[in-house]
Amino acid sequence: MAEFISYIKKHHNSIYNKEFLMKMEKSNQSRFEVIKSMEGFVEENLPSLLKPIDQSWQPSDFLPDMKSENWKDDLSEIRKRAKEIPDDLLVVLVGDMVTEEALPSYQTWLNRLEGISDSTGASYSSWAKWSRGWTSEENRHGDLLNKYLYLTGRVDMKAVEVTVHHLINNGFDPQTGNDPYLGFIYTSFQERATKISHSNVGRLAKKSGETLLHKICGIIAGDEARHERAYKLFMSKVFETDPVHAVLSFAKMMKLRVTMPANMMSDGKDKNLFEKFSNVAQRIEVYTVRDYASIIKNLVDGWNIPSLKGLSDVGAKAQDYLCTLSERYISLSNRLSFAGEAESFSWIYDRKV
Ligand SMILES: [Fe+2]
Ligand SMILES: [Fe+2]
């Protein structure tokens with residue numbers, strides 16, 4: 001993945017046309033108005049996008065009950081099965097957990113988007129309800145993965161915790177500014193990416209015989225799928241209301257490139273931690289350049305980009321760019337190789353994968 005990123009940077013000028021990017025600007029004020037006009041639509045859809053709390057799973061549903069008489073047996077069973085998880089999969093699982101644990105940065109970012117912000121911290125606006133509902137559901141992901149990893153005894157928890165500490169301290173900048181259109185395109189993409197990543201970790205866990213981890217990843221991926229549906233739906237409404245600027249924003253976000261939310265992670269020692277983690281994820285096929293291409297295609301099809309009509313010149317240009325982008329990434333991925341030297345990770349006591 002790191003090689004992929006540097007390739008993209010090197011070929012920046014051939015792929016990205018700055019003039020084209022500049023033409024895509026539009027004042028945030030009218031975007032704010034479009035977003036505010038969607039309050040009723042969001043309110044109507046909230047019941048199908050967020051689960052009632054009394055029907056929601058909680059991390060303890062998947063972990064040993066430490067009050068039960070059998071807690072030692074249950075714990076031994078987890079530790080026995082977790083021994084089967086290969087180191088490379090463990091590294092990717094830790095990276096995914098660290099990503100989830102930086103939720104404070106994501107909520108801060110979401111509340112900064114124009115029109116979405118929760119003005120009091122407990123506002124009744126439908127956007128604020130969404131933002132708090134989404135955050136509270138997501139909060140269980142890092143919680144469950146963190147507790148699971150702790151119980152397995154397979155990882156250096158201190159090194160992992162230091163990484164989470166650094167990541168939240170370093171921040172999160174997906175290059176969207178406060179623009180809600182870019183924000184929803186980013187989240188539509190990213191929820192699908194995390195769904196793919198968690199599902200693949202679960203699949204590989206099952207293959208190695210760790211059925212509990214398979215179940216855990218499945219339940220988390222289910223949430224990501226529902227959140228993906230939500231952000232795609234919000235953005236569909238934007239496409240209906242303001243198609244030209246929606247398509248320009250989509251092209252702009254794709255030109256800026258969707259960076260993973262944890263790309264500022266650090267364990268305080270390793271300068272290339274994120275690149276190394278991404279390379280392992282690519283190598284064991286948990287999240288690959290092909291997945292990146294498939295997400296673009298999914299969004300292009302889902303928002304009916306090829307059939308948008310009546311776009312301005314620049315809008316039509318963005319439409320053409322988007323319709324061929326996925327294939328371009330696929331052909332790039334065919335030219336890149338991710339095989340490399342094994343690298344050590346503090347998370348697994350400096351063992352190499
Ligand atoms: Fe999540
Ligand atoms: Fe998510």
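Both counts, for ligands and for their atoms, begin at 1 and track the order of listing.
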min-distance N/O/S atom, Glu224 vs the Fe ion (ligand 2), resolves to OE1
Of all N, O or S atoms in Glu138, the one closest to the Fe ion (ligand 2) is OE2
Verify the distance test for [X] against the Fe ion (ligand 1): any N/O/S atom under 2.8 Å, yes or no.
| X | answer |
| --- | --- |
| His141 | yes |
| Glu100 | yes |
| Glu191 | no |

Requested in this report: Report the C-alpha distance between Tyr181 and Thr176 in whole Å, list the side-chain angles of each, state the deciding distance to 0.1 Å, and finish with yes or no for side-chain contact (heavy atoms from CB on, under 4.5 Å).
Outcome: CA-CA 9 Å; Tyr181 292 10; Thr176 58; over 6 Å; no
Note to self: Is any side-chain heavy atom of Phe184 closer than 4.5 Å to one of Ile116?
What the structure shows: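 Yes, their side chains come closer than 4.5 Å.
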#### Entry: Heavy-atom side-chain proximity of Lys276 to Asn272 below 4.5 angstrom
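When only atoms from C-beta onward are counted, Asn272 and Lys276 do touch, with a gap below 4.5 Å.
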Quiz item: In a check of salt bridge (Lys or Arg N to Asp or Glu O under 4.0 Å) between Arg226 and each of Glu191, Glu138, Glu137, which one passes?
Solution: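 Per the salt bridge (Lys or Arg N to Asp or Glu O under 4.0 Å) rule, the option paired with Arg226 is Glu137, out of Glu191, Glu138, Glu137.
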In short, Ser197 meets Asp96 closest at the heavy-atom pair OG-OD2, 3.0 Å
Per side-chain contact (heavy atoms from CB on, under 4.5 Å), Tyr349 is matched among Asp156, Val155, Asp87 by Asp156
- request: Could you confirm whether Asp223 has any N/O/S atom lying under 2.8 Å from the Fe ion (ligand 2)?
  value: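 No, outside the cut-off.
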Any N/O/S of Glu228 under 2.8 Å from the Fe ion (ligand 2)? no
